[in-house]
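What follows is a short report on a single structure.
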There are 2 protein chains.
Amino acid sequence: MRARHITVVEVARHAGVSLATVSRVINGTAVVSPDKRQQVEQAMLALKFQPDPMAQGLRRGQTNAVALLVGDIAQRHFAQLTQHVQAALESQGNDLLLFNLGHQQKRLEDFLERALRMKLRAVVVATTDTLTRPVFEAARKLLSDGIKVISLGQDLTRQGIPSVVHEEHQATRGSVTHLVSLGHQSIAYVGRIRGSAIGSARFAGYRDAMRKANRFDPALVWDMSFRYAAGYESVAKALAEGREFSALQAGSDEIALGAIAALHDRGLAVPKDVAVVGFGDIDLAGFVRPALTTLSSSPLQAADHLAQLVRDDSPTLPEDPPCILLPRQLIVRASSGQ
Amino acid sequence: MRARHITVVEVARHAGVSLATVSRVINGTAVVSPDKRQQVEQAMLALKFQPDPMAQGLRRGQTNAVALLVGDIAQRHFAQLTQHVQAALESQGNDLLLFNLGHQQKRLEDFLERALRMKLRAVVVATTDTLTRPVFEAARKLLSDGIKVISLGQDLTRQGIPSVVHEEHQATRGSVTHLVSLGHQSIAYVGRIRGSAIGSARFAGYRDAMRKANRFDPALVWDMSFRYAAGYESVAKALAEGREFSALQAGSDEIALGAIAALHDRGLAVPKDVAVVGFGDIDLAGFVRPALTTLSSSPLQAADHLAQLVRDDSPTLPEDPPCILLPRQLIVRASSGQ
DNA sequence: CTGAAAGCGCTTACAG
DNA sequence: CTGAAAGCGCTTACAG
């Protein structure tokens with residue numbers, strides 16, 4: 001059933017040269033006389049030759065696959081990231097191996113162990129979760145084996161891992177300061193996600209801005225579980241408990257949307273009764289009503305920087321890995337009023 | 001830099017057996033005496049041996065990777081599908097190679113050509129787009145080369161491709177009939193996406209229901225480009241033109257959300273002035289206000305069926321490939337009234 | 001049940 | 001600039 005494919009042997013025969021010469025033409029790895037080169041190229045065309053990636057990989061000790069480990073592809077943010085990372089990698093000839101972590105640390109660890117044998121070109125870790133020791137150890141093993149590990153989303157340079165990150169702390173500090181300047185006194189924070197490094201950073205920005213305004217109140221900080229439902233439940237619970245607040249900073253757009261639903265169900269209007277600011281600017285943000293004020297992201301730029309790091313063949317294991325920082329901007333829409 | 005890995009040679013030496021025996025233990029492909037088996041297993045453990053997937057792949061002529069080609073990972077529906085497909089494949093030991101088509105036919109074609117050399121375990125095509133001849137030809141080449149091709153989303157069994165699909169036509173026919181029974185006379189359809197096989201089927205269901213009710217009016221059918229923005233623009237344009245309608249069936253939830261924003265911006269209330277029904281039941285559907293009435297999907301079941309087809313080693317190239325049909329249900333929420 | 005040997009399709013020293 | 005040969009790490013007839 002399985003057809004026999006054209007190999008370098010056939011090409012060499014057809015072109016009247018040796019295997020080595022064919023290989024040199026394929027890889028452009030050594031000088032080949034113009035006429036032989038042409039014969040080989042014609043033979044490849046005539047026979048519709050395509051090199052076998054497995055064989056190349058085995059021999060070179062390297063595939064052209066990059067693994068992307070995402071926190072949870074079901075989250076808008078990660079889906080967007082995946083989209084752009086795939087595009088950026090493809091444009092430089094790399095395939096994308098996708099691994100959905102579902103926020104499970106153990107899965108990350110297991111994959112990293114396995115990655116050691118896969119001869120990947122790079123492993124990209126895109127998770128917001130706080131990482132633990134075993135993960136770092138597995139990553140170090142990869143690194144010392146010459147396999148690139150890159151962090152997308154959180155700064156892991158202290159672990160020797162090049163990172164592409166967005167502003168987090170400054171972002172919420174800025175947006176909350178904006179809410180304060182609008183006259184809000186009681187501003188709640190919904191979504192200080194437990195176990196999330198990024199979530200903590202966003203929360204810290206909020207906290208610092210509130211402290212500066214002398215308005216920080218731990219009772220207005222709500223943890224929660226997961227996305228829409230979490231945003232909804234947190235706010236529903238707070239309202240049931242009689243908490244008072246005139247504004248709300250969410251840890252993500254999805255949480256913000258859930259929060260808005262909860263406010264709505266209690267008869268509270270956004271932004272009239274409660275102003276809401278999300279985080280991340282998912283594509284839907286501009287299409288809900290009221291449109292969602294939020295903090296921007298740059299998944300496209302992030303993916304481009306990442307691709308550059310993947311391509312970059314600078315000496316492995318630099319003591320001082322690069323950290324690329326992407327800014328965020330407050331995108332003011334109707335949900336925050338004024 | 002790159003460390004030398006443990007190979008079968010070391011394991012064989014350590015266990016005092018031949019390479020062949022080690023291989024047999026790894027693969028469980030032939031009977032090995034209990035004592036030798038144990039020695040090998042101990043050696044593998046002691047040396048922390050992990051087989052090299054590239055070498056195995058080259059020798060066997062088969063990887064354990066499955067390619068998933070999705071219409072557009074930025075769309076909720078595809079992101080969810082990807083999540084479940086990855087999980088299902090992983091549980092059977094397969095890696096996922098993700099390819100985002102961005103709805104570009106040419107990319108599908110190119111990838112299919114390339115897949116021929118990749119020795120993939122299967123290629124899963126998950127797109128709603130109407131496919132063209134060159135794509136089918138490339139698929140046939142894969143099929144005849146013994147590589148599984150599976151369609152996720154549209155019925156391609158006539159092309160010899162096993163398919164896992166959802167009801168489309170019946171779904172909109174049912175939901176529109178429901179709207180009719182609620183007393184609606186003018187029901188618009190937004191999102192008969194050009195070039196989308198699935199979009200056409202959904203539209204046909206609407207059309208048939210409207211015809212049956214003697215209410216079909218082509219002026220109430222609006223094509224559009226892309227997701228939220230499209231839903232918004234279509235409806236905004238229709239309203240500006242003075243079209244009258246009391247209900248609206250959308251081709252997707254995202255389109256429905258965009259449509260609702262447009263209605264809102266014209267001062268129309270949902271469902272009081274216009275009832276809205278979406279399609280797909282994305283996770284957000286229950287968390288917008290009013291909550292979105294929509295047609296359910298079963299990405300989890302779809303992924304499971306798919307995984308089964310991937311695993312299934314029945315004779316290649318059956319003349320009559322299976323078509324697995326998943327039902328949809330109308331999920332009634334606030335946006336459709338009553 | 002077991003081992004020696006060939007071979008999957010390439011690339012890369014090595015020698016010329 | 002070119003070719004013959006070795007070898008990447010496995011698996012699989014083949015012979016016993």
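Letters A, B, ... mirror the listed sequences (proteins, then strands); counts begin at 1.
dT12(D) and dG16(D): their C1' atoms are spaced 16 Å apart (whole Å).
Each of A20(A) and P34(A) was matched to the nucleotide of DNA chain D holding its nearest heavy atom; the match closer to the 5' end belongs to P34(A). Toward the 5′ end of DNA chain C lies the nearest nucleotide of L19(B), the other residue of the pair L19(B) and A55(A) mapping further downstream. Each of V31(B) and R117(B) was matched to the nucleotide of DNA chain C holding its nearest heavy atom; the match closer to the 5' end belongs to V31(B).
Counting non-hydrogen atoms under 4.0 angstrom, R37(A) reaches nothing in the nucleic acid. Here S23(A) lies in heavy-atom contact (under 4.0 Å) with a base.
Under a 3.5 Å cut-off, the side chain of N100(A) and the backbone N or O of I73(A) do form a donor-acceptor pair. Remark: side-chain polar atoms of T7(B) are paired, donor with acceptor, to backbone N or O of V9(B) under 3.5 angstrom. Between the side chain of H305(A) and the main chain of I324(A), no donor-acceptor pair closer than 3.5 Å is present. Distance alone, capped at 3.5 Å, is enough to place a donor-acceptor pair between the S151(B) side chain and the Q154(B) backbone.
Shown here for L112(B) and A138(B), the closest heavy-atom pair between the two residues is CB-CB, 3.6 Å.
Helical stems involving DNA chain D, defined as 3 or more consecutive Watson-Crick or G-U pairs under 3.5 Å, span C:1-3 with D:14-16, C:5-12 with D:5-12, C:14-16 with D:1-3.
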Stepwise side-chain hydrogen bond (donor to acceptor under 3.5 Å, both in side chains) check, S23(B) with N27(B): CA-CA 6 Å; S23(B) 178; N27(B) 298 287; 3.3 Å; yes
Using side-chain hydrogen bond (donor to acceptor under 3.5 Å, both in side chains), reason through E90(B) and Q86(B) one step at a time and then give a plain yes or no. CA-CA 6 Å; E90(B) 183 184 350; Q86(B) 196 271 325; 3.2 Å; yes
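With 3.5 Å as the limit, one finds a donor-acceptor pair spanning the side chains of H103(B) and Q75(B).
The outermost nucleotides of DNA chain C lying under 4.0 Å from heavy atoms of chain A, listed 5' to 3', are dG9(C) to dA13(C).
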